[in-house]
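All chains are named by letter (A, B, ...) in the order of the sequence lines, taking the proteins before the strands, and each is independently numbered beginning at 1.
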Amino acid sequence: MTLSAKPTQQPAAAPLSEPTPRPAELRVALAQIAPALGDRQRNLALHLEQIKAAQREQADLVVFPELSLTGYFLRDMVPEVAMNRASAEIAELIEAASPMALVAGFVEEAEGHQFYNAGFYAEGGRLMHVHRKVYLPTYGLFEEHRYFSAGRRFRAFTSARFGRVGMLICEDLWHVSAATIMQAEEVDVLICIINSPARGVSGPKIATAETYELLARVFSQLLGTLLIVVNRVGFEDGLCFFGNSMVVGADGRIIAQAPQFDACLTTVSCDLAELRRERLITPLGRDEQLLLTIEELQRIKRRRYET
Amino acid sequence: MKLDPDKVELAINPALVEEILVRFIRNEITRTGFRRAVLGLSGGIDSSVVTYLAAKAMGPENVLAVTMPYKTSSEETRRDSQRVVEALGVQTLEAPISAQVEAYFAAFPDASRMRLANKCARERMTILYDQSVAFEGLVLGTSNKSELLLGYGTHFGDLASAINPIGDLYKTQLRQLAAHLQVPREILDKAPSGDLWVGQTDEDELGFAYADVDRLLVLLVDRRWQPDHLVAAGFDPAFVDRVLNMIRRNQYKRRMPVIAKLTHRTMDRDFRYPRDWGT
């Protein structure tokens, strides 16, 4: 904050249309890595290396993919690689990144020895938020519910630097309930960390990559948010994680996209002032009838669960 | 959704498939500390495609293509294998199997053609695994999705490998990939054959064409259509029945042996680690 030249004088009241002042630029580094399966030490070193690279790129925020500290197809390794959110490894990463903001994925062992597929957000050297994946895919090639407990909440939080921030993990983005709650939470920046394996090779693009693009574009536009999606690369048991991490603007356009298949740190500057302009053009959040939604959901709750 | 059997999607994007499979081979070999690959080359489409992919992934000098002719193997087999070796510059080794197979069957002169074919496949498997030690490379599998589903392969014979890059591609799709990789025309054009006996072709032995069975398999397996819907859409009920039976009957070939459960933790049932564990 700058001091006024005439501190005795009261400044004129700010006009009502003035948005809350905060830095207009968010420089985000998408850390599209290939984590080592079940090897926390190697992954910690990989994270520290990428954090340094993001700092060299003068990023405000570095985002790693889902389960970035452990790898994905863990099966019975889940309890072996689990960590507490207060673990020394997470503390080391947060300190190394500070004051840059940091998002990474890990297996969280909570009290009562329940295991969660989780992601944390830290900023200015402080852990600010942990999201536990709510929707655990257990179909097709996925078996997450066998190993993880489901998270029980979608909550946004306020970053001093970027406004309202929300976090989702992979399958969460496939559920409109998550998007609806994030919109009600008045999110400005939505971060979705994923581990998506390639499936469908008949078209010009991998079918799953195409679906993620579609989801990201639709949700960023409907919610009027900046949406950051970070996927991993590399192979595990024949699964090919395709990368293609991206940043999508509030108008549903892809601002930047990381390469397919290759590990890469992609840094991109986003203009947060664009959110204001987009919400003036398409004020969907303003017009959202939240009370109507709540009342209707309560009615449905009575019908489906209480009769 | 209306099902039109004439519009079944079997087309692949061969450039995309090539890129994934080349990276897969390289990753799976190097993550275990190896840098070389060994495979049996028959001069057919499947093993030729795998040789092309392996040469791209590891460099031709790091690929050993082993030809293992039996006395009835055709001249065409030898010639087509040679075309692949020359086109790519991979390393090669000829290890004929007639002597050991004949020595064994001298004691069983009445053994069936099927026993002989299976014995040849298993003899080749032991050679590949032995050569994999000498060459310090992993054995690449060459069974495609059509064969794996129909059980058209020898258990612990040609079905055995360390990694299989083409097991999720139907024969029809492999042909597209082979054309994209510029596998020699002669190999693309000939009738698929395991060269199990003189004049043998897969399609004669199976009693149907890959083009037809692949359309049925993609609908049953990938698209999850019910058999009665497929019959209603025009598939011959006897054909659908036969293929379903083949898929079911051969499930054992796609799995490890069944273990009698006695404790709380049994391999692959509740002792569940990824195959890539520790790599």
Side-chain angles (χ1 to χ4, degrees), chain A residues 33-43 67 70-81 107 138-148 195-210 232-244 259-263, chain B residues 7-33 57 140-141 145 148 161-170 172-174 176-177 180 214 218 221-224 264-279:
Chain A
I33 58 169
L37 181 57
D39 191 333
R40 270 167 47 176
Q41 278 315 106
R42 260 165 74 189
N43 290 326
L67 293 173
T70 62
Y72 181 74
F73 204 58
L74 297 160
R75 305 187 118 187
D76 282 3
M77 273 190 281
V78 162
E80 296 161 23
V81 300
V107 175
T138 307
Y139 58 83
L141 69 95
F142 303 106
E143 42 192 45
E144 289 188 31
H145 227 317
R146 185 182 172 99
Y147 297 102
F148 293 114
N195 270 186
S196 183
R199 282 154 291 148
V201 289
S202 58
K205 278 183 172 177
I206 293 163
T208 34
E210 219 161 354
R232 60 164 289 178
V233 290
F235 287 83
E236 284 178 3
D237 271 20
L239 306 183
C240 170
F241 298 93
F242 58 81
N244 274 162
Q260 188 166 264
F261 304 131
D262 286 319
Chain B
K7 287 186 186 155
V8 177
E9 187 58 78
L10 272 162
I12 54 164
N13 173 345
L16 182 59
V17 170
E18 177 195 348
E19 180 154 24
I20 292 174
L21 297 184
V22 165
R23 286 170 184 265
F24 166 77
I25 292 170
R26 193 181 298 137
N27 182 279
E28 284 297 334
I29 289 177
T30 56
R31 75 187 301 149
T32 47
L140 300 185
K145 192 171 184 173
L148 289 173
S161 67
I163 60 177
N164 180 353
I166 60 166
D168 207 12
L169 287 171
Y170 290 107
T172 312
Q173 296 171 323
L174 261 166
Q176 298 168 45
L177 182 59
H180 166 77
D214 284 353
V218 84
V221 176
D222 299 71
R223 301 271 157 239
R224 295 191 177 208
H264 291 289
R265 226 161 167 214
T266 312
M267 300 314 107
D268 254 12
R269 186 167 298 265
D270 30 36
F271 180 81
R272 293 162 56 93
Y273 285 87
R275 159 93 188 214
D276 286 340
W277 189 18
T279 66

**Message:** Taking side chain as everything from C-beta outward and backbone as N, CA, C, O, which of these in B:Arg224 sits under 4.5 Å from a heavy atom of chain A? Side chain, backbone, both or neither.
**Reply:** neither
**Asked** Could you state the interatomic distance from CZ (B:Arg26) to CZ (A:Phe235), rounded to the nearest 0.5 Å?
**Response** 9.5 Å
**Prompt:** Is B:Asp270 salt-bridged to A:Arg146, cutoff N-O under 4.0 Å?
**Reply:** no
**Asked** Which value, rounded to the nearest 0.5 Å, describes the distance between A:Gln260 atom CD and B:Glu19 atom CD?
**Response** 6.5 Å
**Exercise: identify the closest heavy-atom pair between B:Arg31 and A:Leu37** = NH2-CB, 4.3 Å
**Request:** For each of B:Gln176, B:Arg265, B:Glu9, tally heavy-atom pairs with chain A at distances under 4.5 Å, and name the one with the top tally.
**Result:** B:Arg265
**Asked** Is it the side chain or the backbone of A:Asp237 that comes within 4.5 Å of chain B heavy atoms, both, or neither?
**Response** both
**Message:** Please find the pair of heavy atoms, one from B:Pro274 and one from A:Met77, that lie closest to each other, and give the distance.
**Reply:** CG-CE, 3.6 Å
**Item:** Heavy-atom proximity to chain B below 4.5 Å, by part of A:Leu74
**Value:** backbone
**Request:** Name the option with the most non-hydrogen atom pairs under 4.5 Å to chain A; the candidates are B:Ile12, B:Asp168, B:Ile20.
**Result:** B:Ile20
**Fill in**
Rounded to the nearest 0.5 Å, the CD atom of A:Glu80 sits from the CH2 atom of B:Trp277 at a distance of 6.5 Å
**Request:** Grab the two heavy atoms, one from A:Val201 and one from B:Val17, that are nearest each other, plus how far apart they are.
**Result:** CG2-CG2, 3.6 Å
**Request:** Under 4.5 Å heavy-atom distance to chain B, tell me which part of A:Tyr72 shows up: side chain, backbone, both or neither.
**Result:** neither
**Asked** What residues form a salt bridge (charged side-chain N to carboxylate O under 4.0 Å, His left out) with A:Arg199, not counting sequence neighbours?
**Response** none
**Fill in**
Given A:Ile206, A:Asp39, A:Asp76, the one with more heavy-atom pairs under 4.5 angstrom with chain B than any other is A:Asp76
**Message:** Which atoms of B:Gln173 are under 4.5 Å from chain A, going by heavy atoms: the side chain, the backbone, both sets, or neither?
**Reply:** neither
**Complete:** For A:Ser202 and B:Ala11, the nearest pair of non-hydrogen atoms, with its separation, is CB-O, 3.1 Å
**Item:** Any residue meeting salt bridge (charged side-chain N to carboxylate O under 4.0 Å, His left out) with B:Asp222, in chain and number order, not counting sequence neighbours
**Value:** B:Lys145
